[in-house]
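Shown next, in structure tokens, is the structure this report addresses.
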Amino acid sequence: MNYILLILLTGFQGIYSITSVERVEVGVGQTLTIPCQYDARYSCYYKLFAHFLWNQWITIVDSTSYSWSERFSMSDDPTQRLFTVTMKNMKVTDTGSYACRCEGYVYHTVYILVTEYPRLYVGSQYVTGHVGGSVAIYCNYSIGVDGHKKWCRIDGYCAGGNYNHISGLSVKMSGNGYRVSTGVLKVTLRRLQESNTGWYYCSVGDLQVPVHITVTQNTTTQQTSTMPTVDDVSSTFPTNKPHSQKDFNLALLLGLLGLLLLVVICGSLILVIRLKKRSRSIYCISSVLSCMATCIATFGEFDK
């Protein structure tokens, strides 16, 4: 009875004063953000988000930082004339009618269904693009959802058909049609501008899913400056420069020294085996070590 009386008292005021999505489905345990756009005249008004429970509206979060549960939070931006409500770890018991409301009876109702298998959803509600670039949003839908496919701003202005524009933003939709089957609706936004930053929603039949687009300055110039220079590449990879005469002589010397050491070691082993007396064996080994030290000293002087 209170719910019917509220509708009769407000008439059509809530419809035109606050705009948002109307019906959303979200997976159990997921996070959902609902944007609520309001008229400039309500910028300084008290805002709240209410849940219709026990035949009455129960405030679950408001602009004074009140929250019925730590799972709910609100953020108000008067300059954009929009407040958002974020609900975390959604439960089946959260299913029901909600209302974006400004002080008094200015409102907009949203029905939220929490289910294991939402029939319309996106991978992320937050997408980022660059000025002059493009982004693609994939709206996943299930069989049994009938109706038109649309891409809309949160204020209700929509683009439909295969190609359209919203505030200078080029919108292309693939797979558009009235009869919907299981699949993905791809929405491509081209020629992005910073002014395109804001909340939109994907609509299939009577279901919607909000998506926030953030457009930032292109950082290509900054990225280019961090690319390796020609000198950097040259220092990383081997070059085809010819070897100098000194390099050639050094390689030749190393080969000769290696051969000499091999001959000395083999000869020494033979002498040690043949010599019977220990004193002579020690003397022979000492001679080998002395010879090796002389070779190493000679190599060091040549290298200098």
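As the structure is a computational prediction, the values presented were derived from the model and not from experiment. Quick note: residue numbers are just sequence positions, from 1.
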Item to complete: State, with a plain yes or no, whether a side-chain heavy atom of Val21 is found less than 4.5 Å away from one of Pro210.
Response: yes
Worksheet item: Is there side-chain contact between Thr109 and Tyr111, with at least one heavy-atom pair below 4.5 Å?
Response: no
Practice prompt. Kindly indicate, with the supporting measurements, whether the criterion ring-ring contact (aromatic ring centres under 6.0 Å, His included) is fulfilled by Tyr98 and Phe52.
Written response: CA-CA 6 Å; Tyr98 293 80; Phe52 193 70; over 10 Å; no
Response to the item:
Residues at least two apart in sequence or cross-chain that pass salt bridge (Lys or Arg N to Asp or Glu O under 4.0 Å) with Arg23, listed by chain then number, are none
Worksheet item: With side chains defined as the heavy atoms from C-beta onward, is the minimum distance between Leu192 and Val131 less than 4.5 Å?
Response: no
Item to complete: Using distance alone, with no hydrogens and no angle criterion, decide if Gln217 and Glu194 have a side-chain donor and acceptor under 3.5 Å apart.
Response: yes
Fill in: 4.5 Å side-chain heavy-atom contact, Ile213 and Thr197
no
Practice prompt. Tell me, please, which residues at least two apart from Asp62 pass salt bridge (Lys or Arg N to Asp or Glu O under 4.0 Å).
Written response: none
Practice prompt. Only counting residues at least two apart or in another chain, list the ones meeting ring pair (Phe, Tyr, Trp, His ring centres under 6.0 Å) with Trp199.
Written response: Tyr126, His212
Worksheet entry | Residue pairs, two or more places apart or on separate chains, that pass salt bridge (Lys or Arg N to Asp or Glu O under 4.0 Å) and touch residues 197-206 | none
Discussion item. Tell me whether Phe72 shares a hydrophobic cluster with Ile34, the cluster being built from Ile, Leu, Val, Met, Phe, Trp, Tyr side chains joined at under 4.5 Å.
Written reply: yes
Practice prompt. Can you run down the disulfide (SG to SG under 2.5 Å) pairs that involve residues 51-133, sequence neighbours left out, and say none if there aren't any?
Written response: Cys36-Cys100
Practice prompt. Is it possible for you to say whether Ile112 and Tyr121 belong to one hydrophobic cluster, with membership spreading through side-chain heavy-atom contacts below 4.5 Å?
Written response: no
Worksheet item: Pairs in or reaching into residues 69-79: which pass salt bridge (Lys or Arg N to Asp or Glu O under 4.0 Å), with residues at least two apart or in two chains?
Response: Lys47-Asp76, Arg71-Asp94
Worksheet entry | Residues in ring pair (Phe, Tyr, Trp, His ring centres under 6.0 Å) contact with Tyr38, at least two apart in sequence or another chain | none
Worksheet entry | Hphob cluster co-occupancy, Met173 + Val135, side-chain heavy atoms under 4.5 angstrom | yes
Discussion item. Taking side chain to side chain contact (heavy atoms under 4.5 Å, CB included) as the definition, give me every residue that meets it alongside Val209, ordered by chain and number, with sequence neighbours left out.
Written reply: Leu120, Val122, Cys202
Worksheet item: Do Val61 and Val85 touch side chain to side chain, with heavy atoms closer than 4.5 Å?
Response: yes
Worksheet item: Heavy atoms, side chains only, cut-off 4.5 Å: are Arg41 and Ser17 in contact?
Response: yes
Item to complete: Go through the side-chain N and O atoms of His108 and Ser20 and say whether any donor and acceptor fall under 3.5 Å apart.
Response: no
Worksheet entry | Shared hydrophobic cluster for Val127 and Leu189 (ILVMFWY, side-chain gaps under 4.5 Å) | yes
Practice prompt. Check whether Val28 and Tyr117 end up in the same hydrophobic cluster, where Ile, Leu, Val, Met, Phe, Trp and Tyr are linked by side-chain heavy atoms less than 4.5 Å apart.
Written response: no
Discussion item. Checking Tyr201 now: which residues fulfil ring pair (Phe, Tyr, Trp, His ring centres under 6.0 Å) with it, not counting sequence neighbours?
Written reply: none
Item to complete: Could you walk me through whether Trp151 and Ile137 pass the side chain to side chain contact (heavy atoms under 4.5 Å, CB included) test, one step at a time?
Response: CA-CA 10 Å; Trp151 175 258; Ile137 298 93; 4.1 Å; yes
Fill in: Partner residues of Tyr45 under the ring pair (Phe, Tyr, Trp, His ring centres under 6.0 Å) criterion, sequence neighbours left out
Tyr42
Discussion item. Run the salt bridge (Lys or Arg N to Asp or Glu O under 4.0 Å) test against Arg119 and tell me which residues pass, sequence neighbours left out.
Written reply: Glu25
Discussion item. Using a 4.5 Å cut-off between side-chain heavy atoms of Ile, Leu, Val, Met, Phe, Trp and Tyr, which other residues end up in the same hydrophobic cluster as Tyr46?
Written reply: Leu48
